[in-house]
Chemist: 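Sharing a structure here in C-alpha cells format.
A quick note: this is a predicted structure, and the numbers were derived from the prediction, not measured.
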Amino acid sequence: MSACSSDEQEGSASAPDENISTTTESGNSNINSIQTSGNVLVAYFSVPETAGVDAVSRASRVVEDGEVIGNTQFVAQTIQQETNGDIFRIETVQEYPGDHDELVDFGENELAEEARPELSSQIENLDKYDTIFLGYPIWAGDLPMPLYTLLESTDFTDKTIIPFSTHGGSGFSNTIDILEQLQPNATIIKDGITISRDSVPDSRDEIVNWVSNLSL
C-alpha cells in the first residue's frame, strides 16, 4: 500500500487519501464475542492506531468516552446499536502495528504477497443470521487481507451482505465487485456506506439515517 493506501489504518485499516466527505456509494446488486439478538450480524475488521498520532488531526481513529477505537469499529458499533444485531470483530492471530506508517508498510507487504492471515476466531452459528453487515477499511484500493481469509473460508450462500467501509479517498474502490466474486451465492447489497476517515468522528447521524433507509 502506498502512503495513501491504508485508508483507515486502523489496524487492518483504511487510511489514505483525504478530503473526502461521508458518502453512500453503490456497489453491485480475547476473541470476538457475539451477543445473541435476532438475525442480523455486524462483522467488521478494524485495528486502531495506538502510537503517537493525534486522533483529531489524523482522523485514523476515534476517541469514544476516553477509549481509542478504530474508524471501522466506530461505524460497526453504530450500526449494531441501530439494528440491535449481534457483533463480531474479525481478528487475526498475528498482531498489526499500532504505528500509522508501520501499519501501511505491513499492509502493503501482505497485499504484495497475497497473504491470508490466520483468523483467531470464526463466526459461530452462522445459520442463524440472514443479514450480514460486513465492514472493513480500504487498503490500497482493496480489501484487507484478513477479509480474503474470511470470505474464502466461510460460505455465505443465501445470506444478504451489506458492505460498509472507511477510506482515505477511494470510496469502496472495487471491493463490491470482489465481494461478489468471492461470494457468488450471496446477495450483495449495492447501497453500502463508505465514509472518509476524516469524517468518521462526525458521521453518526449519517450512519443512523442510512440504516433507517434500509429494508431490513
Chemist: Kindly compute the distance separating CD (Glu110) from CG (Asp105), expressed to the nearest 0.5 Å.
Modeler: 12.0 Å
Chemist: Can you check side chain to side chain contact (heavy atoms under 4.5 Å, CB included) on Ile69 and Gln77, steps first, answer last?
Modeler: CA-CA 10 Å; Ile69 64 175; Gln77 290 177 350; 3.7 Å; yes
Chemist: To the nearest 0.5 angstrom, please state how far the CG atom of Leu41 sits from the CG atom of Leu126.
Modeler: 7.5 Å
Chemist: Got a donor-acceptor contact below 3.5 angstrom from the Gln183 side chain to the Phe156 backbone?
Modeler: yes
Chemist: Look up atom CG in Leu143 and atom CE in Met145, then write down how far apart they are to the nearest 0.5 Å.
Modeler: 7.0 Å
Chemist: With no hydrogens and no angle check, just 3.5 Å: does a side-chain donor-acceptor pair link Thr72 and Thr166?
Modeler: yes
Chemist: Is a side-chain N or O of Thr149 found less than 3.5 angstrom from the main chain of Pro117, in a donor-acceptor match?
Modeler: yes
Chemist: Which heavy-atom pair separates Ser203 from Phe74 by the least distance, and what is that distance?
Modeler: OG-CE2, 3.6 Å
Chemist: Step by step, would you call Thr92 with Glu118 a side chain to side chain contact (heavy atoms under 4.5 Å, CB included)?
Modeler: CA-CA 6 Å; Thr92 58; Glu118 181 182 355; over 6 Å; no
Chemist: Could you go step by step and tell me if Thr83 and Thr131 meet the side chain to side chain contact (heavy atoms under 4.5 Å, CB included) rule?
Modeler: CA-CA 11 Å; Thr83 61; Thr131 301; over 6 Å; no
Chemist: Measure from the side-chain N and O atoms of Thr187 to the backbone N and O of Thr160, and report whether any donor-acceptor pair falls under 3.5 Å.
Modeler: no
Chemist: Please report the closest heavy-atom contact between Gln122 and Ser153, naming both atoms and the distance.
Modeler: OE1-OG, 4.2 Å
Chemist: Taking all non-hydrogen atoms of both residues, which atom of Gly141 and which atom of Asn174 are closest, and how far apart?
Modeler: O-OD1, 3.0 Å
Chemist: Looking only at heavy atoms, what is the nearest atom pair of Ile178 and Asp142, with distance?
Modeler: CD1-OD1, 3.3 Å
Chemist: If I compare all heavy atoms of Ala186 with all of Ile161, which pair ends up nearest, and what's the gap?
Modeler: CB-CD1, 4.0 Å
Chemist: Counting N and O atoms only, with roles assigned by atom type, does the side chain of His167 sit under 3.5 Å from a partner on the main chain of Ile138, one being a donor and the other an acceptor?
Modeler: no
Chemist: Is the shortest side-chain heavy-atom distance between Pro163 and Tyr136 below 4.5 Å?
Modeler: yes
Chemist: Between Ser173 and Thr175 (side chain of the first, backbone of the second, donor and acceptor by atom type, cut-off under 3.5 Å), is there such a pair?
Modeler: no
Chemist: So, the side chain of Thr154 versus the backbone of Leu150: is there a donor-acceptor pair under 3.5 Å, distance only?
Modeler: yes
Chemist: Just how far is it from atom CD1 of Ile193 to atom CZ of Phe164, taken to the nearest 0.5 Å?
Modeler: 10.0 Å
Chemist: Are the side chain of Glu82 and the backbone of Ser212 linked by a donor-acceptor contact shorter than 3.5 Å?
Modeler: no
Chemist: Among all residues two or more places apart in sequence or in another chain, which pass the ring-ring contact (aromatic ring centres under 6.0 Å, His included) test with Phe106?
Modeler: Tyr96
Chemist: Kindly say whether Asp191 contributes a backbone atom to a donor-acceptor pair with the side chain of Trp210 at under 3.5 angstrom?
Modeler: yes
Chemist: Quick one: list whatever passes salt bridge (Lys or Arg N to Asp or Glu O under 4.0 Å) with Glu152, sequence neighbours left out.
Modeler: Arg116
Chemist: Restricting to side chain to side chain donor-acceptor pair (under 3.5 Å), what partner residues turn up for Asp130, sequence neighbours left out?
Modeler: Asn39
Chemist: Go through the steps to decide whether Tyr44 and Leu134 satisfy the test side chain to side chain contact (heavy atoms under 4.5 Å, CB included), and finish with yes or no.
Modeler: CA-CA 6 Å; Tyr44 71 97; Leu134 185 63; over 6 Å; no
Chemist: Return the CD1 to CD1 distance between Ile123 and Ile90, rounded to the nearest 0.5 Å.
Modeler: 6.5 Å
Chemist: Among all residues two or more places apart in sequence or in another chain, which pass the side chain to side chain contact (heavy atoms under 4.5 Å, CB included) test with Thr157?
Modeler: Asp155, Asn185
Chemist: Got Pro137 and Ser46 here, is their nearest side-chain heavy-atom distance under 4.5 Å?
Modeler: no
Chemist: Look at the side chain of Asp99 and the backbone N and O of Glu102, then say whether any donor-acceptor pair between them is shorter than 3.5 Å.
Modeler: yes
Chemist: Looking at Tyr129, is its backbone amide N or carbonyl O close enough to the side chain of Lys159 to form a donor-acceptor pair, meaning the two atoms are under 3.5 Å apart?
Modeler: yes
Chemist: Which of these passes side chain to side chain contact (heavy atoms under 4.5 Å, CB included) with Val42: Thr78, Ile79, Val75?
Modeler: Ile79
Chemist: Where do Phe172 and Gly192 come nearest, in terms of heavy atoms and distance?
Modeler: CE1-C, 3.7 Å
